[in-house]
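Step one of this worksheet: look at the structure below.
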Amino acid sequence: MKVLNTINEVRNLVKEWKTQALKIGFVPTMGYLHEGHESLLKRASQENDRVVVSIFVNPMQFGPKEDLSTYPRDLERDSVVCERAGANIIFHPTNEEIYFDDFSSFVDMNGLTSGLCGKSRPTHFRGVCTVVTKLFNIVTPDRAYFGEKDAQQLAIIKRLVRDLNIDVEVIGCPIVREEDGLAKSSRNTYLSEEERDAATILNKALTLAKSKIQDGERKAENIIKIIENKIDEEKLAKIDYIEVVDSFSMENVKEISKSVLVAVAVFIGKTRLIDNFTYEL
Ligand code: AMP
């Protein structure tokens, strides 16, 4: 496995692979890797001849008051995870390698990006779409792997690839959780012991909501209320949003009738955590 810092080095190696008709899987990440990332990497190495993982804390997708400077970073530890999971290249560029001083082109999207996380993070998805487009252009993978943990992001990337005719297959992978149900996240490291316990409320509330849908509840507003009441039981939790949306359009639904995404964002202390499930009728 090689750790490469420049676009040219990645391009040269990828070119070599392509002359041998090798299939390339790609996993974009911000590093501080956990079993969630590892599941994407393992799937990529099962389904492709070569795997590229990018580790880049993309400044463009952070808002001015967000955690860009404190976001956890540990390349040495990440290298062990990547090697174990079968990656061939870690692409670990500097900010300067990705963004020229006078960088002035952006990839933006309407509709899908306006609700859910887009409401409280209005510039986030422009940053995601821009960096993912750049990374796709650099790596030119056959397949790219994204987690369902970031369900809105996954829907956006699928739309981006369709709308802009990017020649890559986008593959969604299931959420990997801790034993007590908390979705794995690099941001879980911010939590104190007390907050870590409190954070289980996201999955508890979603599990309760799922069981109510299974029991026949079809009204989105009732599902939202059930989740809200459950999360309110936890004193350290402050709700950012609870939404029931169509899985493809990300538009709010009133009645649960086909495939819906039930998604939450909750502050536990200062840490904003997200979780979701998709329900197919
Ligand atoms: P990040 O490093 O947080 O930008 O995440 C990189 C990729 O890993 C994204 O596609 C995430 O959706 C995915 N991911 C993060 N956490 C998990 C998880 N717990 N289970 C599955 N995929 C995840």
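Because the structure is predicted, anything quoted here is derived from the model rather than measured. The figures that follow rest on heavy atoms only: side chains count, while hydrogens, waters and symmetry mates do not. Indexing begins at 1, ligand by ligand and atom by atom, following the structure's order.
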Ligand 1 to V176 polar contact by distance, N or O atoms, under 3.5 Å: yes

Regarding atom 3 (O) of ligand 1: of the candidates Y71, Y32, F56, which has the closest heavy atom? Y71

Reference residue K184; test side-chain hydrogen bond (donor to acceptor under 3.5 Å, both in side chains); the match among E35, H37, H34: E35

Does only the side chain of P174 get under 4.0 Å from ligand 1, or the backbone, or both, or neither? Count heavy atoms. backbone

Please check whether G147 reaches ligand 1 - meaning an N/O of the residue sits under 3.5 Å from an N/O of the ligand, judged on distance alone. yes

Counting only heavy atoms not in D215, do more than 12 sit closer than 6.0 Å to its CG atom? yes

Which of the ligand 1 atoms, numbered from 1, are nearer than 4.0 Å to a heavy atom of K184: 16 (N), 17 (C), 18 (C), 19 (N)

N/O separation below 3.5 Å, D150 to ligand 1: yes

Against the six-membered ring of Y145, is R43 placed for a cation-pi contact (under 6.0 Å from the centre, within 45° of the normal)? no

Can you tell me which portion of H37 lies within the under-4.0 Å heavy-atom range of ligand 1? Options are side chain, backbone, both, or neither. side chain

Side chain, backbone, both or neither: S185 near ligand 1, heavy atoms under 4.0 Å: neither

Between the main-chain N or O of I55 and the side-chain N or O of H92, is there a donor-acceptor pair closer than 3.5 Å? yes

N252 and E243: side chain donor to acceptor below 3.5 Å: yes

Going through the checks in order, is the salt bridge (Lys or Arg N to Asp or Glu O under 4.0 Å) test met by E38 and K42? CA-CA 6 Å; E38 202 170 347; K42 283 190 177 145; 3.6 Å; yes

Just distances here: any N/O of I175 and N/O of ligand 1 closer than 3.5 Å? no

Check V27 against ligand 1 and report side chain, backbone, both or neither, counting heavy atoms closer than 4.0 Å. neither

Quick check: S39 and ligand 1, any N/O pair under 3.5 Å apart? no

Say whether R143 and N48, considering side chains only, have a donor N or O and an acceptor N or O under 3.5 Å apart. yes

Of the listed options G36, P28, S54, closest to atom 18 (C) of ligand 1 (non-hydrogen atoms): G36

How are the rings of Y71 and Y190 set relative to one another: parallel (under 30°), tilted (30 to 60°) or perpendicular (over 60°)? perpendicular

Please tell me whether E9 and N12 have a donor and an acceptor in their side chains that are separated by less than 3.5 angstrom. no

Atoms of ligand 1 less than 4.0 Å from M30 heavy atoms? 1 (P), 2 (O), 4 (O)

Would K23 and W17 count as a side chain to side chain contact (heavy atoms under 4.5 Å, CB included) here? Give the steps. CA-CA 8 Å; K23 293 287 177 203; W17 290 344; over 6 Å; no

Taking 4.0 Å as the limit for heavy-atom contacts, which would you say applies to R177 with ligand 1: side chain only, backbone only, both, or neither? neither

Ligand 1 contact by R187, heavy-atom criterion under 4.0 angstrom: no

Using a 4.5 Å cut-off on heavy atoms from C-beta on, say whether the side chain of M1 contacts that of S79. yes

Of all protein heavy atoms, the one nearest atom 16 (N) of ligand 1 is H34 CE1, 3.2 Å

Does the ring of Y32 carry R77 above it, NZ/CZ under 6.0 angstrom from centre and within 45° of its axis? yes

Would you mind listing which atoms of ligand 1 come within a distance below 4.0 Å of any non-hydrogen atom of L40? 7 (C), 8 (O), 10 (O), 13 (C), 22 (N)

I need the nearest protein heavy-atom contact for atom 23 (C) of ligand 1: residue, atom name and distance, please. K149 CB, 4.0 Å

Subset of ligand 1 atoms that lie under 4.0 Å from at least one heavy atom of F146: 10 (O)

